[in-house]
Visitor: 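Questions regarding the structure given below will be posed in turn.
Source: prediction; values computed, not measured.
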Amino acid sequence: MTKRVTTISPTWCPGCGNFAILGAIKAALDQLGIKPHQAAFVYDVGCSGNMADFVFAYGFHALHGRGLPPAAGIKLANHRLKVFVIIGDGGAYGEGAGHFLQLCRSNHDVTVLAHDNFLYSLTTGQKSPTTPKGQATPSTPNGTIDEPFNPLATALTNSAAFVARGFAGDIPHLTKLLVAAAKHPGFSLIDVLQPCPTYNKSRPYAWYREHVEYLDKLGHDPTSLEAAWKASLKTDKLPLGIFYQVARTPWHENFALLKNTTLKDSPIDNLDITAALDEFK
Amino acid sequence: MAFLNWKIAGAAGEGIKISGLMLQKTAFRSGFFTYGSTEYPSLIRGGHNTFEVIISTKPVQSARTRVDLLVDLKTSTIASLPFPLSDLAKESGNLLTKNTVALGGSCALLALDLTILKQVITETFGSKDQSIIDQNHQAAQLGFDYALKNYPDKKLKLDTPKKPHQDKIMICGNEALALGAVAGGMKFYCAYPMTPSTPILHYLAANAQKLNLVVNHAEDEIGVINMAIGAGFAGVRSMVATSGGGFSLMVEGLGLAGGTETPLVIILGMRPGPASGMPTWSGQGDLLFAINAAQDEFPRIVLAPGDPEEAFDLAAKAQNLAEKYQLPVIILSDKNMGEGYYTSQRPPDKYKNRRYSLAPEAAESDQPFPRYLVTDTGISPRPLPGQPGGVHLANSYEHDELGYATEISAERVKQMNKRLKKLETILGGGDLIAPQLFGPKSAKTTLVSWGSNKGAIVDALPQLPDINYLHFSWMWPFPEKQFKALISHNPRLVTIEGNATAQLAKLIAQQTGIIIKDKILKYDGRRFYPEEIIEAVKKL
């Protein structure tokens, strides 16, 4: 069996959704047959990002909110790697929202697992961009004033080519989504509904089980942008599955230079700039 | 005369810069040494733009306050002589050739060869219709003939150079920084536009395919630096460029490069601040910022080239230093150097770069690679993602030798010491560049300066007897030993800086205990002129 985790024990709270997401990652890597040295994981800062110490693969533990740009840089440098981003709702949709839009639009070939627990949990439970309006948190004791951010609709509006939602309470389904996302050439977003038993008491596993529904059982057509939008705007039920998937050229494939080599292996030991210098004669 | 200053002035949008560059190129191709510089406000139409060219039979690398021949598009005069620029342009068939008429007229008054100007016109408008080139040729001819016919006795008596240059190029600092980085093996350039570093982005974007690189205009400066760090982590030599405001946004990323020990080159093109400051003007107010910007302490290298020749060399070297020592290298530039066009030594055509500090190939392993192994030099072998046997975590959190997060006091101290050890390794190794001495070795007075002031000071030096100049291009880690050796005869020290608080003098005081009392400081956004340096030094 391929080693997928380190010897360090996870530091997450009992019942944390991150355990399940890590399980799905392990299963997906096995199914995809990716060896530890063939994958690069970028971790944002947050409870989810603490996964950095637990996964056995190349890893880069980035700054808070800045997990996405390094992932794009890694994929550019070596497009033969499978690149994953482990990030929370705060990092992806708050601090790093500009980067999120950019990766959707540029179609950098990375798979983003947004651990969406509707709170900032590592900083003890303040509101996040996805916190439902009115919810009291330590930074909003009288209830949040803001309307919540809609990650899926935002991704769809900004030309993301693979948009999905998973649930930490359904590991086999999440694994399937991860495999599909990793196989998809180009940017893929999986927003993962993640219970936080410590700080988000209003949404335990049972609450999610009552509120999720499966798109594939509803006859959803993932090639229809209109259907995807409709599904992304639902609030009474939270649909799970692939909302939308379309073929678009991944960012790095726009560069002829990368057809036969990776950028990291592009030779630097025999450079000739005669022609460039001649322009200054 | 051996030397004169030609200047063209008009509104933004009138093609002042391109005209100035064509005149400069004509003089350069004729064998003159030239220095071209431009002043312009931060707007697209209107205002007041200028481009001036020093034309000299001897090496020159700075501007002068006195103008010998002014082309004024507003009053339609050349050297205060009425010149029917619009009428002659109309005659050429294209009213937009007004500037070219003026260039033709200037050529006549400067006794420059019109055929060289016509060749430069052909190259400049090469991508446009032949009719545009023909009209401009005609305009240049009309201006040339008009000047000869109407002002035959107004010719300036400029010495002629002995022969055309063989080994020189006409290049600005930004272009030299860009090409130097390419020569040093840079494969990824990422930027967000910000004056005065934007021309680097334009040059590299226009030439990316020919030069075999990837250029990306990213969403913001934070995305810029973090994407470049990702590419650096995965083994690609990467560079970003910005100005003080953008660099401020990048500082958290700078710490990330420092903590994860990821190679990265950052060009910081300084301009007057704070905040948006004076975007299109020059300054040297970011020296201590570049050296100290950080969350906590980590090693970095800070360089400050004084002209395109140094810019090219240091940009190439920076790529190698960043990879060798696994740290961020900051290159301080500014508008004066970046947008100054110099007659520069042509660098070599070919470059054989080697890779540094990478881990050797290995078999697959199920053990993590000790990415942050404590070593004598502070440098730990670095496997690249994709490499079998090299699996590791590069960590922005404090980490142990394996890269895993730690808060254990002994591990923390070990890693801090390991990283900081690199500064000692650099200071004790052969990469460091000592301050460069110009003028007599044991002069009574030593001018101390850095970066783009070099040109004006070197040009002032012949008129300052018993005074020499120490030029710093390597700012950090501070070359204390080398500096002290150069001033061992105890000269009177004078610092010359483009900031309000003498930051180099502060740095010298901090590192050596030597207090420099005499200061010539300028922070109005303008360049130093040799004349004002001479005057200021004489007044001391």
Visitor: Measure from the side-chain N and O atoms of A/Asn78 to the backbone N and O of B/Ala234, and report whether any donor-acceptor pair falls under 3.5 Å.
Guide: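 Looks like no, no N/O pair under 3.5 Å.
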
Visitor: A/Ala276 and B/Tyr203: which non-hydrogen atoms are nearest, and at how many Å?
Guide: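 Closest heavy-atom pair between A/Ala276 and B/Tyr203: CB-OH, 3.9 Å.
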
Visitor: Go through B/Asn212, B/Leu402, B/Thr262 and name the one with the most non-hydrogen pairs under 4.5 angstrom from chain A.
Guide: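 Of the options given, most contacts go to B/Asn212.
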
Visitor: Checking B/Asp220 against chain A: side chain, backbone, both or neither under 4.5 Å from a heavy atom?
Guide: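 It is the side chain, since no backbone atom gets that close.
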
Visitor: Under 4.5 Å, counting heavy-atom pairs only, tell me which of A/Val42, A/Asn50, A/Val45, A/Thr2 racks up the most with chain B.
Guide: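 Top count of heavy-atom pairs under 4.5 Å with chain B: A/Val45.
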
Visitor: Taking A/Asp265 first and then B/Lys187, would you say they form a salt bridge - that is, a charged N and a carboxylate O separated by under 4.0 Å?
Guide: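 So A/Asp265 does not pair with B/Lys187 through a salt bridge.
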
Visitor: If I measure from the heavy atoms of chain A, does B/Ala405 come under 4.5 Å with its side chain, its backbone, both, or neither?
Guide: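 B/Ala405 touches chain A through backbone and side-chain heavy atoms alike.
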
Visitor: Should the pair B/Tyr397 and A/His61 be assigned to parallel (<30°), tilted (30 to 60°) or perpendicular (>60°) ring geometry?
Guide: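 Ring orientation of B/Tyr397 relative to A/His61: tilted.
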
Visitor: Can you name the nearest heavy-atom pair linking B/Glu219 to A/Pro69, along with the distance?
Guide: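 For B/Glu219 versus A/Pro69, the nearest heavy atoms are OE2-CG, 4.1 Å.
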
Visitor: Is there side-chain contact between A/Thr7 and B/Tyr404, with at least one heavy-atom pair below 4.5 Å?
Guide: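 The answer is no; the side chains never approach within 4.5 Å.
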
Visitor: Can you find a heavy atom in the side chain of B/Gln319 that is under 4.5 Å from one in the side chain of A/Ile268?
Guide: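 No - every pair of side-chain heavy atoms lies 4.5 Å or more apart.
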
Visitor: For A/Tyr58 and B/Pro383, which heavy atoms make the closest approach, and how far apart are they?
Guide: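 The pair with the smallest heavy-atom distance is OH-CB, 3.8 Å.
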
Visitor: Sort B/Phe28 into side chain, backbone, both or neither according to what part of it lies under 4.5 angstrom from a heavy atom of chain A.
Guide: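 When you check distances to chain A, only side chain atoms of B/Phe28 fall under 4.5 Å.
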
Visitor: Looking at every heavy atom in both A/Ala77 and B/Val236, which two are closest together, and how far apart are they?
Guide: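 So the minimum-distance heavy-atom pair works out to CB-CG2, 3.4 Å.
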
Visitor: Checking B/Pro348 against chain A: side chain, backbone, both or neither under 4.5 Å from a heavy atom?
Guide: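 Only the backbone of B/Pro348 comes within 4.5 Å of chain A.
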
Visitor: When heavy-atom pairs shorter than 4.5 Å are enumerated against chain A, which of B/Gln387, B/Arg354, B/Gln209 gives the highest number?
Guide: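 Most heavy-atom pairs under 4.5 Å with chain A: B/Gln387.
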
Visitor: Measure distances from B/Arg371 to the heavy atoms of chain A and classify the residue's part below 4.5 Å as side chain, backbone, both or neither.
Guide: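 Neither part.
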
Visitor: If you tally heavy-atom pairs under 4.5 Å against chain A, which of B/Ala394, B/Cys190, B/Pro368, B/Gly259 wins?
Guide: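 Max contact count across the listed options: B/Ala394.
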
Visitor: Select, from A/Ala39, A/Ala52, A/Ala40, the one with the greatest count of heavy-atom pairs under 4.5 Å involving chain B.
Guide: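 Ranked by heavy-atom pairs under 4.5 Å with chain B, first place is A/Ala52.
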
Visitor: Going by side chain to side chain contact (heavy atoms under 4.5 Å, CB included), B/Leu393 matches just one of A/Phe60, A/Phe41, A/Tyr43. Which one?
Guide: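 Single pass found, and it is A/Tyr43.
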
Visitor: Please look at A/Ile273 and chain B and tell me whether the side chain, the backbone, both or neither of the residue comes under 4.5 angstrom of a heavy atom of that chain.
Guide: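 Contact with chain B is through both the backbone and side chain of A/Ile273.
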
Visitor: Using a cut-off of under 4.5 Å for heavy-atom pairs, which of A/Asn270, A/Leu263, A/Leu81 has the most such pairs with chain B?
Guide: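 Looking at each option in turn, the highest pair count goes to A/Leu263.
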
Visitor: What closest approach, in Å, do B/Leu179 and A/Leu277 show between heavy atoms, and which atom pair accounts for it?
Guide: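 It is CD1-CD2, 3.8 Å.
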
Visitor: Please classify the contact between A/Ala57 and chain B as side chain, backbone, both or neither, with a heavy-atom cut-off of under 4.5 Å.
Guide: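 It is the backbone, since no side chain atom gets that close.
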
Visitor: Looking only at non-hydrogen atoms, find the nearest pair between B/Glu364 and A/Lys35 and report the distance.
Guide: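 Answer, listing the atom of B/Glu364 first, then A/Lys35: OE2-NZ, 2.9 Å.
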
Visitor: Against chain A, label B/Leu384 side chain, backbone, both or neither, depending on which of its atoms sit under 4.5 Å from a heavy atom there.
Guide: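 Both parts, backbone and side chain.
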
Visitor: Which atoms of B/Glu175 come close to chain A, meaning under 4.5 Å heavy atom to heavy atom: side chain ones, backbone ones, both, or neither?
Guide: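 Side chain only.
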
Visitor: Below 4.5 Å, heavy-atom pairs only: which of A/Lys3, A/Glu279, A/Arg66 has the largest tally toward chain B?
Guide: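 Ranked by heavy-atom pairs under 4.5 Å with chain B, first place is A/Arg66.
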
Visitor: Atom OG1 in A/Thr274, atom CZ in B/Arg346: separation rounded to 0.5 Å?
Guide: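 A/Thr274 OG1 to B/Arg346 CZ: 6.5 Å, rounded to 0.5 Å.
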
Visitor: Given a strict heavy-atom distance threshold of 4.5 Å, which part of B/Phe233 is in contact with chain A: side chain, backbone, both, or neither?
Guide: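 The side chain, not the backbone.
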
